[in-house]
Amino acid sequence: MVLVPPLEPRPRRAAPAVPLQGVWDSVREDLEAVEAILHAESGGPLPVMELVAGHLTGAGGKRLRPTLCLLAARLAGIPAGPRRTVAAVSEMIHTASLLHDDVVDEAPTRRGRPSAPRVFGNASCVLMGDSLMARSLTLLAALPDPGPLVSLARCVRRMAVGELTQLSLAGREPSLAACLRVVEGKTAALFAWSAAVGELAPPPLRGPLARFGRRLGVAFQIADDLLDLCGDPAQTGKRIGADLAGGKITLPVHLACRAAPELRSAIAEWLEARDE
Ligand code: FPP
Ligand code: MG
């Protein structure tokens with residue numbers, strides 16, 4: 001049997017101290033307001049709700065989507081109330097999607113600690129994800145412009161279709177187009193929605209902002225897929241090779257197989273041995 005050799009984490013070059021600090025600083029006040037919304041909206045009447053949502057939101061998320069949204073909103077001149085609501089919703093939907101994703105992926109860890117389903121069980125995580133999504137819809141429904149609510153519904157559907165496409169391809173090598181469909185659905189759709197400030201950005205800016213967000217989302221997912229293969233678990237908080245072990249042939253693996261076709265049989269044998 002040929003086994004895929006485990007990839008050793010490479011030594012990292014020292015990064016400059018917080019290289020994007022200036023970018024974060026420019027929206028700091030808004031981010032603090034978003035944090036307050038997240039705190040107020042992520043829990044619920046039961047202590048378990050605060051615990052499940054807090055397990056993720058309190059575990060060092062980067063607040064990438066809200067930051068992207070707030071930076072774009074500044075460019076587009078969106079008032080504080082709606083831009084903060086849309087930014088908070090982008091993080092709430094992200095949290096909901098991770099709660100569901102860790103159930104789908106049967107993930108043992110997330111952000112360096114046991115995943116929420118391992119701590120609270122699948123049922124609580126699915127239901128908490130549903131609650132976060134419902135709270136998000138309520139917040140958006142209170143805005144004077146229906147655009148963010150309508151566009152979020154489309155975005156969440158794209159995310160679900162992306163995840164379903166990935167599930168339907170499990171254990172098979174997808175085409176490049178299929179790999180991109182998965183990534184554009186499950187990850188890039190929410191980046192695009194955030195960058196277009198939930199479609200509150202006016203038409204001349206909306207298209208370019210959404211395109212920028214979509215491409216950033218694709219790049220982000222490719223980096224995440226690479227970290228699955230060769231990241232340092234101490235930094236990623238996830239085990240190496242989890243995607244492959246779950247039968248997910250990601251875009252970097254697809255490209256590696258095209259460059260080195262002998263990898264295909266190695267991976268196929270590895271997956272077969274794993275299923276026995
Ligand atoms: C992580 O991907 C998961 C996503 C980017 C999106 C998951 C989307 C859904 C579950 C459908 C939408 C659901 C809701 C509630 C909005 P990954 O598994 O590649 O990354 P990981 O290594 O961080 O788990
Ligand atoms: Mg996952």
Side-chain angles (χ1 to χ4, degrees), residues 42 52-53 55-57 59-62 64-65 88-118 122 124-137 139-140 149 151-170 174 178-194 198 213-214 216-233 235-254:
S42 294
V52 178
H55 189 76
L56 273 182
T57 48
K62 299 175 280 298
L64 213 47
R65 293 153 192 81
V89 165
S90 72
E91 188 67 20
M92 287 163 69
I93 291 294
H94 174 54
T95 303
S97 77
L98 292 185
L99 285 170
H100 285 190
D101 181 68
D102 282 346
V103 172
V104 173
D105 286 350
E106 299 176 16
T109 55
R110 160 91 53 200
R111 295 179 182 164
R113 41 169 150 164
S115 68
R118 287 291 158 97
N122 284 351
S124 296
C125 292
V126 169
L127 294 168
M128 192 59 217
D130 295 345
S131 169
L132 281 169
M133 185 138 59
R135 287 305 300 163
S136 300
L137 299 180
L139 286 174
L140 295 183
L149 181 62
S151 55
L152 184 80
R154 278 199 303 268
C155 170
V156 171
R157 177 144 197 283
R158 279 190 194 123
M159 294 169 75
V161 171
E163 282 273 292
L164 280 163
T165 306
Q166 180 172 262
L167 263 183
S168 71
L169 293 166
C179 287
L180 279 169
R181 271 204 308 279
V182 168
V183 171
E184 286 187 346
K186 75 173 186 177
T187 306
L190 187 55
F191 271 82
W193 186 80
S194 308
R214 187 168 304 113
L216 187 65
V218 171
F220 179 90
Q221 187 60 48
I222 290 173
D224 187 75
D225 293 343
L226 284 169
L227 287 172
D228 183 77
L229 298 166
C230 54
D232 175 0
Q235 290 194 21
T236 62
K238 294 180 266 195
R239 282 205 304 218
I240 281 199
D243 286 343
L244 216 44
K248 282 190 214 168
I249 308 294
T250 57
L251 196 143
V253 174
H254 168 89

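One-based numbering, in listed order, for ligands and for the atoms of each.
- Side chain of R113 to backbone of L56: no donor-acceptor contact under 3.5 angstrom is found.
- Panel detail: the Mg ion (ligand 2) has protein N, O or S atoms under 2.8 Å away, 2 in number.
- One finds the NE2 atom of H55 at 10.0 Å from the CZ atom of R111 (value rounded to the nearest 0.5 Å).
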Exercise for the section: I would like to know whether E163 and L167 meet side-chain contact (heavy atoms from CB on, under 4.5 Å); could you show each step before the answer? Expected result: CA-CA 6 Å; E163 282 273 292; L167 263 183; over 6 Å; no
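- With salt bridges taken as basic N to acidic carboxylate O contacts below 4.0 Å, none links D228 and K248.
- The contact shell of ligand 1, taken as protein residues with any non-hydrogen atom closer than 4.0 angstrom, comprises I93, A96, S97, H100, D101, D105, R110, M133, V156, M159, A160, E163, K186, T187, Q221, D224, K238, K248.
- Judged purely by atom type and a 3.5 angstrom limit, S115 uses its side chain to pair as donor or acceptor with the backbone of A107.
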Practice task
Assess whether side-chain contact (heavy atoms from CB on, under 4.5 Å) is satisfied between V89 and W193, documenting all intermediate values.
Solution key: CA-CA 11 Å; V89 165; W193 186 80; 3.8 Å; yes
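- In this structure the side chain of L99 reaches within 4.5 angstrom of the side chain of L132, judged on heavy atoms.
- Note on K186 versus D101: no salt bridge recorded, every NZ/NE/NH1/NH2 to OD/OE distance being 4.0 Å or above.
- Counting heavy atoms from C-beta on, the side chains of H100 and D130 come closer than 4.5 Å.
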